[in-house]
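Report on the following structure.
Note that the structure is predicted; figures quoted are calculated from it, not measured. In each ligand, atom 1 is the first atom listed, and ligand 1 is the first ligand listed.
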Amino acid sequence: MPALTAISELIKRSAADAGFDAAGIAPVRDFPELDYFPGWIEKHYAGDMHYLESRTESGELKRSSLSHVAPWARSVIVCAINYNTDQPNSVGPGARSPEPKAHGWISRYAWSKEDYHDSVLRRLRQVEAELKRDSDCRTWCYVDTGPLVERVYAKYAGVGWVGKNTCIMNQKLGSWLFLGVILTSHELEPDLPAPDRCGTCTACLDACPTNAFIGPYQLDATRCISYLTIEKRGDIPEDLRAGMGRHIFGCDICQDVCPWNRRAPTTALPEFQPRDGLVNPALEWLAEMRVEEFRERFRGSPIKRTKFSGLRRNTAIAMGNSGERRFIPILEKLATDEDETVASHARWALQKLRDLLTC
Ligand code: SF4
Ligand code: SF4
C-alpha cells in the first residue's frame with residue numbers, strides 16, 4: 001500500500017476511534033462553490049455576522065480562499081459526528097402532536113449536555129495527535145471558527161453533499177452532523193467529492209416559513225430564523241416575526257422535512273442527550289426566567305449566544321404567535337420590562353395575540 005494511502009487510512013481509523021461517524025480528506029483548492037462568497041457578502045446576506053466579512057491585510061475575504069490565510073495548507077481533514085437523538089421533530093410526521101402551541105422550539109443541536117464545540121474539538125485533537133505522531137506537519141483545528149466554508153470542504157472530502165438547504169447531507173447519516181476540520185501542511189490522498197442526491201426534491205425550499213432561500217443552495221441569512229433568533233441583536237424586522245412561529249433558538253424545519261433525515265440514525269453518546277426541559281420548552285418558563293437561572297441553566301450551552309435579552313425577546317414573539325389567551329398577562333408584564341427590546345416585542349406580541357383571538 002503506498003505511504004500516502006496508508007496515512008489517509010490511518011486518519012480515517014483514528015477518526016472512527018475518536019468517535020466520529022464519518023471522515024474524509026479534501027485537497028486545498030479554490031472550489032467553484034466558493035465563487036459565490038464575495039457576492040454573497042456584498043449583498044449583505046450575512047447580516048450582522050461581521051466575522052464572516054473578515055479580510056486579510058491586503059483586503060481579501062479570508063473565507064473566500066484558504067490561500068489567503070493558510071498558504072501552507074495542502075489538505076483539509078473533515079470529520080463529522082451525528083448528534084441526532086431519539087426526540088421529536090419540530091414539524092411533520094415526527095413532531096409532537098397536537099402541535100404544542102404553548103411550547104417553543106430550540107434547535108436540536110443546542111439541546112446537548114456539553115457544548116459541542118468542546119466535545120468535537122476534543123475528538124479532533126485525538127486525530128491531530130495521530131497525524132503528527134510520525135510527522136512534523138503543521139496543523140490547525142477548528143469547530144465552526146475557522147476561516148473556511150466548512151461545508152464546501154466537507155463535500156470535497158466525500159463526507160456529504162451540500163443540500164439545497166445548504167446543510168451537509170450524508171446518505172446514511174442525514175444532516176444532523178457536527179463538523180470539525182483539521183488543516184494540515186501534509187499532502188494527503190484526497191477522497192472523491194460526494195455526489196448531489198437532492199434530485200428534483202424541493203421540500204426544504206417549500207417549507208421555509210420566512211422565505212429565506214434566494215434559490216436552491218443559497219440562503220439569505222438575514223431572513224433565516226436561526227440568524228434572527230441567535231445572531232440578530234435588538235429589533236427583529238416586523239414582517240418576519242409571524243413566520244418565526246414558536247422558534248426560540250434556531251430552526252430545524254428545512255432539515256426536519258428532508259427525506260434523507262427520515263431514517264437518520266440516533267446517537268447514544270451521553271454528551272449529546274438533551275438537557276431537561278429543552279425539547280419543546282414551556283414558553284411560560286422561558287418568559288419568567290431570571291437572569292441568574294439563565295446563566296445557570298445554559299452554562300456551557302450554545303444557547304448563551306442569544307443572551308438573556310434575545311431569549312426573552314424571542315419568547316415574546318413565540319407567545320404572540322401562539323394564539324394562547326393565557327399568555328396575555330405575562331406579555332402585559334413583559335411589555336413594561338426595563339429591557340426596551342423585550343418590552344417592544346412584547347407589545348407587538350400582545351397585539352398579534354389579540355388579533356389572532358378576535359379572528
Ligand atoms: S433554518 Fe428555518 S428559517 Fe432558516 S432556511 Fe431553514 S427553514 Fe428557513
Ligand atoms: S429537502 Fe430535498 S432538496 Fe432539501 S436538502 Fe433534503 S433532499 Fe435536498
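Counted within 6.0 Å of NZ on K304, heavy atoms from surrounding residues, nucleotides or ligands total more than 12; the atom is thus considered enclosed.
Here the side chains of L283 and I248 are in contact, with some heavy-atom distance below 4.5 Å.
For the residue pair R241/N321, the side-chain donor-acceptor check at 3.5 Å is not satisfied.
Although no hydrogens or angles enter the test, the distance criterion places a donor-acceptor pair under 3.5 Å between the side chain of R223 and the main chain of T210. Checked by atom type and distance alone, the side chain of R354 never pairs as donor or acceptor with a backbone atom of I328 at under 3.5 Å.
If you run salt bridge (Lys or Arg N to Asp or Glu O under 4.0 Å) between R123 and each of E114, E128, E271, E130, only E271 comes through.
In this structure, W111 and W105 have perpendicular ring planes: the angle between them is above 60°, well past the 30° mark.
Listed by atom number, the atoms of ligand 1 under 4.0 Å from L219 heavy atoms are 5 (S). Close contacts between ligand 1 and I253 involve ligand atoms 7 (S) [criterion: under 4.0 Å to a heavy atom]. Which parts of ligand 1 touch I225 is read off a 4.0 Å heavy-atom cut-off, strictly below it: atoms 3 (S), 4 (Fe).
Taking 2.8 Å as the criterion, C224 does not count as a coordinating residue of atom 8 (Fe) of ligand 1, since none of its N, O or S atoms falls below it.
Closer than 4.0 angstrom to ligand 2 lie heavy atoms from G163, K164, N165, C198, C201, A203, C204, C258, P259, W260.
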